Amino acid sequence: MEAQDGARVRNEEVPPQNQDLSFLLPAVTAFLSEYGWYAAFACVGVYLLLQHLRKNRSTDSQSSPVSTSSQDPDSVVRRQAALEASRRRMQEEQDTRAAELRERQQRLEEDKRRQKIEMWDSMKEGKSYKGKAQSTEEATSSSSLRPKTDKKPLRNSGYSPLSGDGGGTCSWRPGRRGPSAGG
């Protein structure tokens, strides 16, 4: 059944095969059974990425034309000057706090140095190691501290661990006789 030009004529009796996509079904099911979870996670990730990019693009497109068109140069200059003044004021406050801290630390170091010198002098004279300021503080603090009587004693006054009258479920037992274990 050839035409005159040598071209083949299609046989009408044989139905054409593979006109549908059913031949892809086994390949797709094999792929999904192997990599289904990966494909699902990839789809969710791509979806979330697209949502994030859409949100950023919409906020950028909305904020930039409105902010640039509604601001005049004078207000921008005023805002920048106010911001600079605020920064300068905060920096000055920080500098004063740092200077106060340095002064306080220098005073503490000077006091410690003076106390060490006093301790060294008193040690040379044969007195105790503690300086005068520390000994007077301890004397006043020890007199102000008195024993607390409201505390409950740990055990009664008639307690003797060897008598077995201690009460409770525990009692003392002597150790084993014989060689000690270990090696």
Side-chain angles (χ1 to χ4, degrees), residues 16-155:
Q17 293 182 358
N18 289 339
Q19 285 187 351
D20 59 351
L21 298 176
S22 61
F23 68 95
L24 288 177
L25 185 62
V28 169
T29 56
F31 177 79
L32 288 178
S33 67
E34 288 277 334
Y35 305 108
W37 286 109
Y38 298 116
F41 286 131
C43 290
V44 169
V46 167
Y47 175 75
L48 292 176
L49 181 67
L50 289 175
Q51 292 296 325
H52 181 69
L53 292 175
R54 241 185 239 147
K55 182 177 68 171
N56 284 347
R57 187 177 55 188
S58 66
T59 56
D60 289 344
S61 64
Q62 289 175 357
S63 63
S64 58
V66 172
S67 62
T68 57
S69 64
S70 67
Q71 294 179 354
D72 58 335
D74 293 335
S75 66
V76 171
V77 169
R78 274 185 269 135
R79 188 177 309 127
Q80 287 178 350
L83 185 64
E84 186 64 33
S86 172
R87 286 181 181 157
R88 199 176 320 116
R89 189 171 50 248
M90 290 191 311
Q91 184 64 43
E92 289 172 358
E93 290 174 4
Q94 182 66 25
D95 290 342
T96 57
R97 277 186 261 157
E100 290 173 1
L101 181 65
R102 262 187 260 117
E103 290 174 11
R104 194 176 324 132
Q105 286 177 345
Q106 287 176 351
R107 276 185 272 146
L108 287 174
E109 288 175 2
E110 184 66 27
D111 290 342
K112 286 181 182 179
R113 188 180 66 80
R114 197 174 317 119
Q115 286 178 357
K116 285 183 180 180
I117 292 172
E118 288 175 5
M119 284 174 51
W120 181 254
D121 290 341
S122 67
M123 193 171 71
K124 276 186 174 178
E125 293 174 5
K127 297 180 182 177
S128 68
Y129 291 126
K130 297 180 181 176
K132 293 178 183 176
Q134 290 179 349
S135 62
T136 57
E137 288 175 6
E138 287 179 4
T140 58
S141 65
S142 64
S143 64
S144 66
L145 293 176
R146 58 181 184 268
K148 295 183 179 180
T149 57
D150 59 341
K151 283 190 172 180
K152 188 170 72 170
L154 294 175
R155 58 183 72 87

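Along the sequence shown, the residues carry numbers beginning at 1. If you're wondering where the values come from, they're calculated on a predicted model, not measured in any experiment. These values consider heavy atoms only, across backbone and side chains, with no hydrogens, waters or symmetry-generated copies.
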Spacing of [atom1] belonging to [X] relative to [atom2] belonging to [Y], to within rounding of 0.5 Å:
{"X": "R78", "Y": "D72", "atom1": "CZ", "atom2": "CG", "value": "6.5 Å"}
{"X": "E34", "Y": "T29", "atom1": "CD", "atom2": "OG1", "value": "10.5 Å"}
{"X": "R87", "Y": "Q94", "atom1": "CZ", "atom2": "CD", "value": "15.5 Å"}
{"X": "E93", "Y": "M90", "atom1": "CD", "atom2": "CE", "value": "8.0 Å"}

Is there side-chain contact between [X] and [Y], with heavy atoms separated by less than 4.5 Å?
{"X": "E110", "Y": "R114", "value": "yes"}
{"X": "Q105", "Y": "L101", "value": "yes"}
{"X": "L83", "Y": "R79", "value": "no"}
{"X": "K112", "Y": "E109", "value": "no"}

D111-Q115 side chain donor-acceptor pair, cut-off 3.5 Å |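 Result is no, nothing qualifies.
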
Salt bridge check: are R97 and E100 linked by an N-O gap of less than 4.0 Å?
->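 No salt bridge links R97 with E100.
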
S86 and its side chain to side chain contact (heavy atoms under 4.5 Å, CB included) partner, picked from R89, E84, R88 |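 Checked R89, E84, R88 against S86; only one passes side chain to side chain contact (heavy atoms under 4.5 Å, CB included): R89.
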
Between S122 and E118, is there a donor-acceptor pair closer than 3.5 Å when you use the side chain of the first and the backbone of the second?
->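 Confirmed, S122 side chain pairs with E118 backbone.
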
side-chain contact (heavy atoms from CB on, under 4.5 Å) between E92 and T96, worked out = CA-CA 6 Å; E92 289 172 358; T96 57; 5.6 Å; no

